[in-house]
Amino acid sequence: MSHYPLLFSPGQIGRLTTKNRVVMAPMVRNYGDDQGRVTPRYLAHMARIARGGVGTMILDAMHVTPNGRGFLHQVGIHGDHVVPGLRDVVAAAHAHGVKIGPQLYHAGRQTKSAVTGAPVVAPSPIPDPVMNELPRALTTGEIQDLVEAFAQAARRAKEAGFDFVEIHGAHGYLITQFLSPFTNHRDDEYGGSDENRFRFLAQIVEAVRGVVGADFPVTVRLSGDEMVPQGLTPDDTVRIARRLEAMGVAALHITAGNYASYTRGYLIQPMAIPDGPLIPFAQRVKENVGIPVIAVGKIRSPELAEEVLQTGKADFVANGRMFLADPDWPEKARAGQTETINRCIACNQGCISRLFEGKDVWCTVNPETSREEQFAAAPPTASKMVLVIGGGPGGMAAAKVARGRGHRVILCEERDHLGGQLIAAAAAPHRPGWEELRRYLMGEMDRLGVEVRLNTRATAALAQQLGAEVAIVAIGSAPIRPAITGIEHANVITARDLLEGRATATGRVIIAGGGCAGAQTAEYLAVRGHPVTIVEMMGSLAVEAPMADRELLLGRLQQLGVVFRVDTRIMSMQAGAVTVEHPGGVEDLPADTVVLCLGSTPVDGLVDELTRVVPRVVSVGDVVQPRQVTEAMVEGALAGLSC
Ligand SMILES: Cc1cc2nc3c(=O)[nH]c(=O)nc-3n(C[C@H](O)[C@H](O)[C@H](O)COP(=O)(O)OP(=O)(O)OC[C@H]3O[C@@H](n4cnc5c(N)ncnc54)[C@H](O)[C@@H]3O)c2cc1C
Ligand SMILES: Cc1cc2nc3c(=O)[nH]c(=O)nc-3n(C[C@H](O)[C@H](O)[C@H](O)COP(=O)(O)O)c2cc1C
Ligand code: SF4
């Protein structure tokens, strides 16, 4: 019997029988071509997921008209030219018995004219606070055209062989904009009462069903709570859900939030939000309808997924990011190998932050995501002796892939533990994912048989003695200590020494540098009772943190009473104080401890000597240029692949 009996029991969505209750949530990957067509890369990515045990795949939000596009390289369903590519994706899913459907959408005001190439449109001329572009109100004629565009998109979906379509009525896109009094201020038949605001979605459902036939399953995604004043509430969603059920919709998929409430962390839940925060919204709908309900949102363990089903809170469980982190997670869970699952750590760096920057979606913990073709095409190779130097994320990612390719891999780490800077990254509150990643990677070293040598500082002599044919240098970076007067004082420590337990802070603390690491260090100290002031030269703090993480972190710091001194430069440090300069003048700030968070510089010195004795030397991660775990893991994995 399966370890998760309900999760891996067949499900029913209208006439469809799914092989289990695991659903891949829709996620724009931005791997399409400039005509919105499927590319070989997109196909390889979806085929990889299809073979990992998922029961149902909901593909990316696909724009039904060119002006509904939200991302430049989004796959669309806005013209017949996309159908052949979509057919290939359907075939890849069906080859593994997976049911598959696209998500039909229009971004409305949650896009930019630079992306759509046309004016942004919405029910009412109210700009989205994230996009900050004034939309033009749609005319009734245009609304009718859009209803027809959804119907035509559904026709294409059926022609491509999809099993169902999902209509995207969530996340503040055009359909939500009509449903919600927050964005719909119209006074015609599409605005005002519940019924009027529902009209656009009702007409879409009717038109879609008219085209695909009453027995072709149509599902709808709704935000259970929009989480904005005057926005849709759980009560509103229940009323909408009942109407949709009455219209013959086959299932409801319950998420939350919109762009305006994005930074509250409910739309794409960050690390700081506990698992499963949206389950109550799904449960609320489930209690009020008879059709299947799909729950979603940071349901990262098969245990939690099974519990959602066992307690009757939903009928299916959807996962988005878990499929980027580990496409095989359903099969591993079914087989009882839960500890081998590479869990999404909700860092939001590789996936959604990149997407919001207009880039393609990666995954921090899984470098193979988005590079499926490259990994599949790597030619077999004779076994080599590969020396990996440095046991941080870059080194462990390299060792994992190199060992997976059959090489003998020795990983040397000069400290008595693995993880590199992951230890410091995980130290502050609300950052458990970095420790989860460290543990996963250490587990992989064990499982794969990487020979880990702790307390071993690698040198060229050691590489020669081991007969290394390839050396992968992943020795990371060291904290910057700029030439500020007084920096040599004993009360000046680095954040890394503090967070890794090699140094302690006393009394009032000044954090020098208000980047992401500085802000985290402030929280680490503030929760331990230290009065903390962050001094930052630039005008704002933690700018490199993902959007929701940043807002949540700064909110917590304010609650903890951390003082922010931006546009402020440290001039000197002395016992008991630091002297700072800001637009108002020069000032002494009291400080018993100063913690340096002023960035990092690559550790150097090893590569030159290695090159003299090892045929091939590759550097990866922070030693190339200090960046983030995401880049270190990708570079490490690609170095491992190239061995
Ligand atoms: C406080 C803090 C917070 C951070 N927060 C984030 C975050 O939120 N998101 C993010 O993506 N990144 C974050 N980072 C940055 C991230 O941790 C680094 O970019 C990443 O760890 C770099 O990985 P790496 O493998 O290249 O190097 P490292 O993690 O530095 O690992 C290098 C390893 O090499 C070992 N080593 C060095 N020389 C030798 C030698 N000669 N022989 C053997 N071993 C050697 C070191 O001991 C170390 O274990 C944070 C960093 C810090 C300090
Ligand atoms: C990169 C990315 C793209 C997304 N694109 C969509 C989308 O196209 N349509 C949609 O309804 N939700 C989208 N979402 C939200 C997910 O479907 C899902 O609701 C959210 O990620 C939370 O679930 P998870 O924790 O399982 O990832 C996206 C999320 C991510 C991370
Ligand atoms: S990048 Fe981070 S949040 Fe996104 S899927 Fe990967 S681990 Fe999860």
Side-chain angles (χ1 to χ4, degrees), residues 25-30 58-62 70 74 103 105 166 168 170-171 173 221 253 255-256 267-271 275 278 296-300 318-325 342-355 361-366 369 389-397 412-415 417-428 431 433-434 437 453 456-459 462 473-479 495-496 499-500 516-518 520-521 544-546 549 597 600 603 605-606 620-624 626-633 635-636:
M27 286 180 296
V28 170
R29 310 310 204 270
N30 231 10
I58 308 176
L59 295 187
D60 320 29
M62 298 183 188
Q74 188 167 12
Q103 191 187 44
Y105 107 122
E166 175 168 280
H168 197 350
H171 295 167
Y173 293 113
R221 202 171 206 211
H253 187 174
T255 165
L267 203 163
I268 300 175
Q269 310 77 31
M271 209 181 275
D275 283 10
L278 311 187
V296 71
K298 214 178 169 198
I299 302 177
R300 296 184 310 142
N319 273 283
R321 294 168 292 173
M322 277 293 287
F323 283 100
L324 304 178
N342 187 11
R343 296 209 302 174
C344 160
I345 60 170
C347 69
N348 281 349
Q349 291 179 187
C351 54
I352 195 68
S353 293
R354 285 183 57 86
L355 184 62
V361 164
W362 295 4
C363 174
T364 298
V365 304
N366 181 11
T369 283
I389 306 174
M396 286 196 278
C412 293
E413 165 55 53
E414 69 178 354
R415 294 195 190 277
H417 54 260
L418 291 174
Q421 293 172 65
L422 285 177
I423 309 241
R431 300 177 57 78
W434 300 112
L437 174 60
R453 299 192 182 177
T456 305
R457 185 175 171 77
T459 57
L462 180 66
V473 182
I475 56 178
S477 55
R496 277 205 222 168
L499 298 171
E500 291 180 22
C516 198
Q520 291 161 29
T521 308
E544 72 276 36
D549 297 67
C597 297
S600 310
V603 170
L606 194 55
V620 302
D622 270 19
V623 70
V624 178
R627 284 151 298 160
Q628 293 206 302
V629 176
T630 315
E631 288 79 11
M633 295 272 296
E635 289 170 11

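Read the numbers this way: they start at 1 and go in the same order the structure lists the ligands and their atoms.
Protein heavy atom in closest approach to atom 4 (Fe) of ligand 3: Cys351 SG, 2.3 Å. Counting only heavy atoms of the protein, atom 20 (C) of ligand 1 lies nearest to Pro393 CG, 3.9 Å. The shortest contact between atom 21 (O) of ligand 2 and any protein heavy atom is with Arg321 NE, 3.8 Å. Protein heavy atom at the shortest distance from atom 16 (C) of ligand 2 is Pro26 O, 3.5 Å. Taking atom 22 (C) of ligand 2 as the reference point, the nearest protein heavy-atom neighbour is Gln269 OE1, 3.3 Å.
Once rounded to the nearest 0.5 Å, the distance linking CD1 of Ile389 with CD1 of Ile475 reads 7.5 Å.
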>> Run the side chain to side chain donor-acceptor pair (under 3.5 Å) test on Tyr105 and Glu166 for me, step by step, so that the C-alpha distance in whole Å, both residues' side-chain angles and the decisive distance to 0.1 Å come before the verdict.
In response: CA-CA 9 Å; Tyr105 107 122; Glu166 175 168 280; over 6 Å; no

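Polar contact with ligand 1: absent for Arg496 (N/O pair, distance under 3.5 Å). Taking only nitrogen or oxygen atoms, main chain and side chain alike, Ala318 does not reach within less than 3.5 Å of ligand 2. Taking any N or O of Thr255, backbone or side chain, none lies under 3.5 Å from an N or O belonging to ligand 2. Checked against a 3.5 angstrom limit, the closest N/O atoms of Ala61 and ligand 2 fall inside it.
Residue contacts with ligand 1, taken as heavy atom pairs separated by less than 4.0 Å, involve Arg457 via backbone and side-chain atoms alike. The proximity of Ile389 to ligand 1, defined as any non-hydrogen pair under 4.0 Å, is limited to the side chain. With a 4.0 Å heavy-atom cut-off, ligand 1 is reached by no atom of Glu631. Within the 4.0 Å heavy-atom criterion, the part of Ala632 lying near ligand 1 is the side chain and not the backbone. Only side-chain heavy atoms of Leu499 come within less than 4.0 Å of ligand 1; its backbone N, CA, C and O stay farther off.
For the residues Asn342, Leu355, Thr364, the heavy atom positioned nearest atom 1 (S) of ligand 3 is part of Thr364. Of the options Val620, Asp622, Leu606, the smallest heavy-atom separation from atom 18 (C) of ligand 1 is shown by Asp622. Considering Lys298, Met27, Arg354, Arg321 only, the shortest heavy-atom separation from atom 5 (S) of ligand 3 involves Arg321. Counting heavy atoms only, Arg431 comes closest to atom 5 (N) of ligand 1 of the residues Glu544, Arg431, Gln628, Met633.
In summary, the atoms of ligand 2 found under 4.0 Å from a heavy atom of Gly320, numbered by their order in the structure, are 24 (P), 26 (O), 27 (O).
A heavy-atom separation below 4.0 Å is not found between Met322 and ligand 2. Residue-ligand proximity: Gly297 is placed with a non-hydrogen atom under 4.0 Å from ligand 2.
Residue Cys363: an N/O/S atom is found under 2.8 Å from atom 6 (Fe) of ligand 3.
Donor-acceptor pairing under 3.5 Å is recorded for the side chains of Asp622 and Gln421.
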